[in-house]
Amino acid sequence: MLPQKQAEEAMVSSFNLTERDDREEEKAEEPRFGLKSILWHGGSVYDAWFSCASNQVAQVLLTLPYSFSQMGMLSGIILQVFYGLLGSWTAYLISVLYVEYRSRKEKEKVDFKNHVIQWFEVLDGLLGPYWKAAGLAFNCTFLLFGSVIQLIACASNIYYIDDHLDKRTWTYIFGACCATTVFIPSFHNYRIWSFLGLGMTTYTAWYLTIGAIVNGQVEGVKHSGPKKLVLYFTGATNILYTFGGHAVTVEIMHAMWKPQKFKYIYLLATLYVFTLTLPSATAMYWAFGDQLLTHSNAFALLPRNGWRDAAVVLMLIHQFITFGFACTPLYFVWEKVIGMHDTKSIFLRALVRLPVVVPIWFLAIIFPFFGPINSAVGALLVSFTVYIIPSLAHMLTFRSASARQNAAEKLPSFLPSWTAMYVVNTFTVVWVLVVGFGFGGWASMTNFIKQVDTFGLFAKCYQCPPKAPVGTKNH
């Protein structure tokens with residue numbers, strides 16, 4: 001136990017030194033209690049919690065009722081809880097691997113003062129270049145399509161307030177708006193946005209819940225899910241995607257003053273998110289039933305009024321924030337590729353980041369399938385990025401007795417056995433590989449191809465209701 005204790009003390013010492021350096025740098029630049037410091041510079045445990053809770057559900061809040069219609073009420077509730085806990089477990093593993101990597105590097109006197117550690121660098125440092133390549137490929141592709149989904153959602157939502165423009169045109173407009181995230185330097189600077197973002201999703205979730213209950217069940221409502229196997233697994237992978245938002249865990253941890261305190265933050269964030277996702281999806285499915293099968297955006301079925309318009313506007317702002325969350329790690333990767341990551345000029349960094357936004361914009365216009373694209377991304381990318389790779393990486397990092405003995409982090413109190421850790425990790429890998437990637441990949445791609453066949457690529461207005469001829473509208 002002595003070597004382990006020494007390793008922990010060395011880790012805490014090095015992290016405290018980093019924390020002290022960060023605080024001294026901030027004091028030199030900002031007034032201690034200045035408004036800019038309060039709103040702009042975040043690194044506390046609370047900032048990390050707000051970031052995780054805010055980032056975990058954005059537009060997916062509007063597609064979970066659609067998933068319930070595909071798989072039924074009971075399966076929807078059970079899988080939300082299951083994947084929420086499974087996602088919290090793999091987020092914990094990622095945090096352990098980050099602490100292990102950072103403690104090893106700081107013992108080697110590596111300075112991270114002007115460098116943001118990313119997941120692929122953790123894999124490289126602990127397991128080598130092949131793991132770095134796998135982590136980089138899956139993580140970047142997932143974050144790329146995660147940004148695409150937020151852009152698609154913006155166009156889908158604004159259409160329910162102003163349908164004078166089609167969704168494709170709205171995508172052009174919001175692509176330009178979201179490009180302004182290039183000016184936000186790092187996750188330190190999302191303090192106020194994370195706080196506001198969580199308030200926005202909380203309002204929207206309870207609007208959906210109360211709105212569905214007040215509206216009541218529609219006439220002749222049917223709850224026939226699960227009807228088809230392909231729909232069941234499509235819905236399941238959307239839920240897997242919902243609780244797989246921790247592709248930015250490492251970047252959020254690195255923005256903390258004391259990253260070793262992150263361990264249970266994602267679980268606490270998930271428990272709060274359950275209070276948003278479970279009531280809203282349950283109430284919407286109870287009220288509208290099978291109608292949700294052809295309305296992947298929950299806003300489409302609720303009557304237009306001031307409450308709904310407020311929810312739409314708040315979700316638009318939140319999707320801008322979530323776009324930034326997903327895109328910021330891509331900005332970091334691009335900066336490192338072109339050698340601009342150490343540049344201190346915000347305007348210069350913003351300029352070199354702009355090329356990252358272009359392919360996101362283009363893909364959102366090609367695949368505007370709000371809802372089905374979530375499931376496809378969940379099955380093909382999230383399954384590996386945030387479930388399989390972290391579980392395998394943890395097992396391989398601590399496969400030797402010396403690595404386990406000198407681990408920077410103790411085993412969790414609820415699972416104080418390395419054998420139990422390996423059992424849980426093996427179960428995670430097998431389950432997600434077979435159910436998430438295997439069945440989920442088949443179902444989500446079948447459904448995705450169906451959307452392409454029905455609406456075509458570059459669809460001008462996906463799932464838009466036919467407009468009444470001019471002069472026939474009620475006044």
Side-chain angles (χ1 to χ4, degrees), residues 53-54 56-81 84 153-163 167 196-227 235 238-239 242 270-319 322 370-371 374 463-468 473-475:
S54 175
Q56 195 170 129
V57 286
Q59 51 72 38
V60 77
L61 189 67
L62 306 174
T63 64
L64 285 173
Y66 169 64
S67 295
F68 271 44
S69 71
Q70 293 173 317
M71 60 195 310
M73 183 89 75
L74 182 61
S75 289
I77 293 171
I78 290 172
L79 282 181
Q80 273 205 47
V81 174
C154 286
S156 178
N157 289 343
I158 191 64
Y159 187 79
Y160 295 111
I161 287 183
D162 187 344
D163 60 1
K167 291 182 181 179
L196 293 175
L198 189 58
M200 293 166 188
T201 51
T202 300
Y203 172 89
T204 303
W206 285 105
Y207 159 71
L208 294 177
T209 305
I210 297 168
I213 293 170
V214 171
N215 189 73
Q217 290 187 311
V218 295
E219 188 177 349
V221 65
K222 291 182 180 179
H223 301 91
S224 58
K227 214 171 187 181
N238 186 41
I239 295 175
T242 302
T270 298
L271 293 177
Y272 179 79
V273 167
F274 282 153
T275 69
L276 308 182
T277 58
L278 288 170
S280 59
T282 302
M284 286 295 295
Y285 182 53
W286 169 81
F288 298 102
D290 290 354
Q291 285 188 25
L292 286 159
L293 287 168
T294 53
H295 296 83
S296 56
N297 190 325
F299 283 145
L301 293 174
L302 289 166
R304 181 172 180 181
N305 53 39
W307 298 104
R308 193 188 79 165
D309 287 354
V312 170
V313 171
L314 291 176
M315 283 305 289
L316 286 171
I317 299 170
H318 186 264
Q319 278 145 13
T322 310
F370 185 72
N374 294 21
Q463 286 188 340
C464 294
K467 289 188 178 182
K473 291 183 179 180
N474 294 325
H475 296 281

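Computed from a predicted structure; not experimentally measured. The analysis underlying the following values was restricted to heavy atoms, covering all of them including side chains, and did not include hydrogens, waters or symmetry mates. Numbering of residues begins at 1 and proceeds along the displayed sequence.
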Participant: Could you check whether any side-chain heavy atom of F299 comes within less than 4.5 Å of a side-chain heavy atom of T204, counting everything from C-beta outward?
Facilitator: yes

Participant: So which atom in A283 and which in T209 form the shortest heavy-atom distance, rounded to 0.1 Å?
Facilitator: CB-O, 3.8 Å

Participant: So which atom in R308 and which in L302 form the shortest heavy-atom distance, rounded to 0.1 Å?
Facilitator: NH1-O, 3.0 Å

Participant: Is the backbone N or O of Q291 less than 3.5 Å from a side-chain atom of H295, with the two atoms forming a donor-acceptor pair by type?
Facilitator: yes

Participant: Roughly how far, to the nearest 0.5 Å, is the CG atom of L292 from the CG atom of L64?
Facilitator: 11.0 Å

Participant: With sequence neighbours excluded, tell me which residues meet salt bridge (charged side-chain N to carboxylate O under 4.0 Å, His left out) with D309.
Facilitator: R304

Participant: Go through the structure and list residues passing side chain to side chain contact (heavy atoms under 4.5 Å, CB included) with L74, not counting sequence neighbours.
Facilitator: I78

Participant: State, with a plain yes or no, whether a side-chain heavy atom of N157 is found less than 4.5 Å away from one of L62.
Facilitator: yes

Participant: Please find the pair of heavy atoms, one from M71 and one from I239, that lie closest to each other, and give the distance.
Facilitator: SD-CD1, 3.7 Å

Participant: Treating D290 as the side-chain partner and S224 as the backbone partner, does any N or O pair qualify as donor plus acceptor under 3.5 Å?
Facilitator: yes

Participant: To the closest 0.5 Å, what do you measure between CZ (F68) and CG (L278)?
Facilitator: 6.0 Å

Participant: For a quick test of reading the model, state the closest non-hydrogen atom pair linking L61 to P65 and the distance between them.
Facilitator: O-CD, 3.6 Å

Participant: Under the side-chain hydrogen bond (donor to acceptor under 3.5 Å, both in side chains) rule, collect the residues that match up with S67, sequence neighbours excluded.
Facilitator: N238

Participant: Which class fits the ring pair H223 and Y285: parallel under 30°, tilted 30 to 60°, perpendicular over 60°?
Facilitator: perpendicular

Participant: When Q80 is tested against each of T277, T282, T270 for side chain to side chain donor-acceptor pair (under 3.5 Å), which residue passes?
Facilitator: T277

Participant: Say you draw a straight line from OH of Y207 to CG of N305; how long is it, rounded to the nearest 0.5 Å?
Facilitator: 5.0 Å

Participant: Which heavy atom in G289 sits nearest to a heavy atom in S69, and how many Å separate them?
Facilitator: O-CB, 3.9 Å

Participant: Does atom CH2 of W286 have more than 12 heavy-atom neighbours, drawn from other residues, nucleotides or ligands, at distances under 6.0 Å?
Facilitator: yes

Participant: Using every non-hydrogen atom in the two residues, find where S54 and L198 come nearest and quote the distance to one decimal.
Facilitator: OG-N, 3.7 Å

Participant: Kindly indicate whether the side chain of Y160, heavy atoms from C-beta on, has any atom under 4.5 Å from the side chain of N297.
Facilitator: yes

Participant: Working to the nearest 0.5 Å, report the span between CD of Q70 and OG of S296.
Facilitator: 9.0 Å

Participant: Can you tell me how far OG1 of T201 sits from CD of Q319, rounded to the nearest 0.5 angstrom?
Facilitator: 11.0 Å

